[in-house]
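The next block holds one structure in the form of structure tokens; read it before the comments.
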Amino acid sequence: MRRRPAADLFDQVASFPALLAATRRAAQGKRERPDAAAFLFRLEPNLLRLSDALYSGQWQPGGYRKVMVREPKTRHISIAPFADRVVHQALHGVLGPLTQRSFISDSFASLPGRGQHRAIARYEQFRDTHPWVLRCDIHRFFPSIDHAVAKHEVRRWVACPRTLAVVDAIIDGSNPQEPVNAYFPGDDLFTPWERRRGLPLGNLTSQWLANLVLNPLDHWVKEVLRLPGYLRYLDDFALFCHSADEALDLQRQVQGFLDRRRLRLHPIKTQALCTCHPATFLGLELWPDRHRRLPQANVSRAAERVRRARLDWTRGLRDEAEVRRTVAAWVAHARHADTFLLRRRWFSAGWFDPEGETRRARTRPRPR
């Protein structure tokens, strides 16, 4: 039985100790950036001012700065002012654990202890026992999220008026996103222009809200359709079944459910596929013989990234720590695929030489 919505949460969000802890999380790895450094330079007065604004009900989010990211695809990332990111962290620190208990075990995005590579391993488990899979993707997901739907989902878990006012201010303060004008059953001619939609990609709160909006889909698939072979990573999800006809019927039913949340399946990326063929899922090519490969586009982008990092280092434009961080993120992902030979060719006798990692693992003392 689902718990009653939680009340009396505001002190856990807006108090000075809560905001101080949120500041530490928001500044992690970003202390040298100008906006973070300026906030930290006058930390105590900034936090007192922020706490007063929240308690008085006068806090409003500031404007976003948009940055275009072209890898792996072109996206507009919205960067909130640092003080706003502190509020996002404070909210998520309270509401994240509160709502996390409602997520099914096969939901993997933006949840502690789960993540991309656990989702990939779970996909392989389902693939090995099902002949067909319906791969689904939401069309323009973040720009399509309906504000009223998101607020309704939050109210299923939160009954603290002041906390809800902060959440509503963040949702209402979303900057304009890519226009998505879709009609759904029951709409009239003007409905798409009367409803506000779109959450900024890049906000911690946007990731949390996006997960919350699709959480009812997870429970509907597991509890109403009673489909055990299902997993979701944000708006990328897979339903495993036993025939192409069953996959097509599932697609029709899923779209019917998403209509009530004012979301559309992607017309091209949503496909019924035979699991006997290789498939790309969350950045890896997964083969039925259990091999994992990196897509060639990923390898090409990584090669250019490594080349630029090396060049910048030799020119003194980046220090060793920054170069290591740049390359280490890709290496951590590449280790989950069959890339030993590729990494040996690129990093032979260097920081990320896989042969060196193997030797260190062999000589590491075993626990008694």
Side-chain angles (χ1 to χ4, degrees), residues 24-37 40 67-75 77 79 82 85 89 108-124 202 204 207 233-234 278 280-287 289-368:
R24 290 174 179 146
R25 295 194 298 271
Q28 191 171 7
K30 303 177 178 67
R31 288 179 173 273
E32 297 179 358
R33 296 185 181 179
D35 57 347
L40 295 172
V67 176
M68 182 179 289
V69 177
R70 300 185 182 276
E71 295 180 4
K73 60 183 180 180
T74 301
R75 295 173 297 166
I77 305 297
I79 302 175
F82 186 80
R85 300 205 296 274
Q89 285 283 354
F108 292 93
S110 306
L111 294 170
R114 306 189 197 181
Q116 175 182 5
H117 298 110
R118 285 182 179 270
I120 291 171
R122 188 63 165 157
Y123 183 98
E124 290 175 322
L204 177 63
Q207 297 175 10
Y233 188 90
L234 205 56
T280 301
F281 182 65
L282 300 182
L284 292 184
E285 289 180 2
L286 307 179
W287 291 65
D289 59 3
R290 305 292 290 185
H291 282 302
R292 295 177 177 179
R293 300 178 184 175
L294 288 178
Q296 184 55 48
N298 182 295
V299 175
S300 299
R301 288 194 302 270
E304 177 61 20
R305 197 177 303 126
V306 170
R307 186 193 68 80
R308 287 200 307 264
R310 283 172 170 164
L311 188 61
D312 289 347
W313 186 34
T314 58
R315 292 176 175 176
L317 301 177
R318 298 197 215 180
D319 60 19
E320 177 180 325
E322 186 178 357
V323 172
R324 279 182 180 267
R325 285 195 300 270
T326 299
V327 179
W330 178 82
V331 170
H333 176 64
R335 285 196 187 110
H336 290 270
D338 301 320
T339 59
F340 182 89
L341 295 179
L342 173 66
R343 289 183 288 124
R344 187 174 67 178
R345 187 168 70 249
W346 283 11
F347 305 116
S348 179
W351 297 331
F352 302 102
D353 183 359
E355 287 191 337
E357 295 171 4
T358 303
R359 285 194 296 271
R360 288 192 293 273
R362 288 173 179 168
T363 58
R364 189 176 299 132
R366 295 183 179 180
R368 295 181 179 180

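Numbering of residues begins at 1 and proceeds along the displayed sequence. These numbers come from a predicted model, not from an experiment.
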Do [X] and [Y] make a side-chain contact, defined as non-hydrogen atoms from C-beta onward lying under 4.5 Å apart?
X    : Y    : result
E320 : W351 : yes
R293 : W287 : yes
F82  : R85  : yes
T339 : W346 : no
H117 : L282 : no

Where do [X] and [Y] come nearest, in terms of heavy atoms and distance?
X    : Y    : result
E355 : F340 : CG-CZ, 3.7 Å
A119 : F281 : O-CE2, 3.8 Å
V323 : A309 : CG2-O, 3.8 Å
P295 : T280 : CG-CG2, 4.3 Å
R114 : R118 : CA-CD, 3.5 Å
G283 : L294 : O-CD2, 4.1 Å

message: Applying the side-chain hydrogen bond (donor to acceptor under 3.5 Å, both in side chains) criterion to Q89, which one of R24, Q28, R25 satisfies it?
response: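 Among the candidates, only R25 passes.
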
message: Under a 3.5 Å distance rule, please check whether R292 uses its side chain to pair with a backbone N or O of L284 as donor and acceptor.
response: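 Judged by distance alone, no pair lies under 3.5 Å.
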
task: Report yes or no: does S110 contribute a side-chain atom to a donor-acceptor pair with the main-chain N or O of Q207 at less than 3.5 Å?
output: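 No; zero donor-acceptor contacts below 3.5 Å.
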
Say you draw a straight line from [atom1] of [X] to [atom2] of [Y]; how long is it, rounded to the nearest 0.5 Å?
X    : Y    : atom1 : atom2 : result
L317 : E322 : CG    : CD    : 9.5 Å
I120 : H333 : CD1   : NE2   : 6.0 Å
F347 : L342 : CZ    : CG    : 7.5 Å
D312 : R307 : CG    : CZ    : 9.0 Å
Y123 : F108 : OH    : CZ    : 13.5 Å
E285 : N298 : CD    : CG    : 9.5 Å

field: Whether over 12 other heavy atoms sit under 6.0 Å from E32 CD
entry: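 Open.
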
Within 6.0 angstrom of R318 CZ, more than 12 heavy atoms from elsewhere: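 Check passes, neighbour count above 12.
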
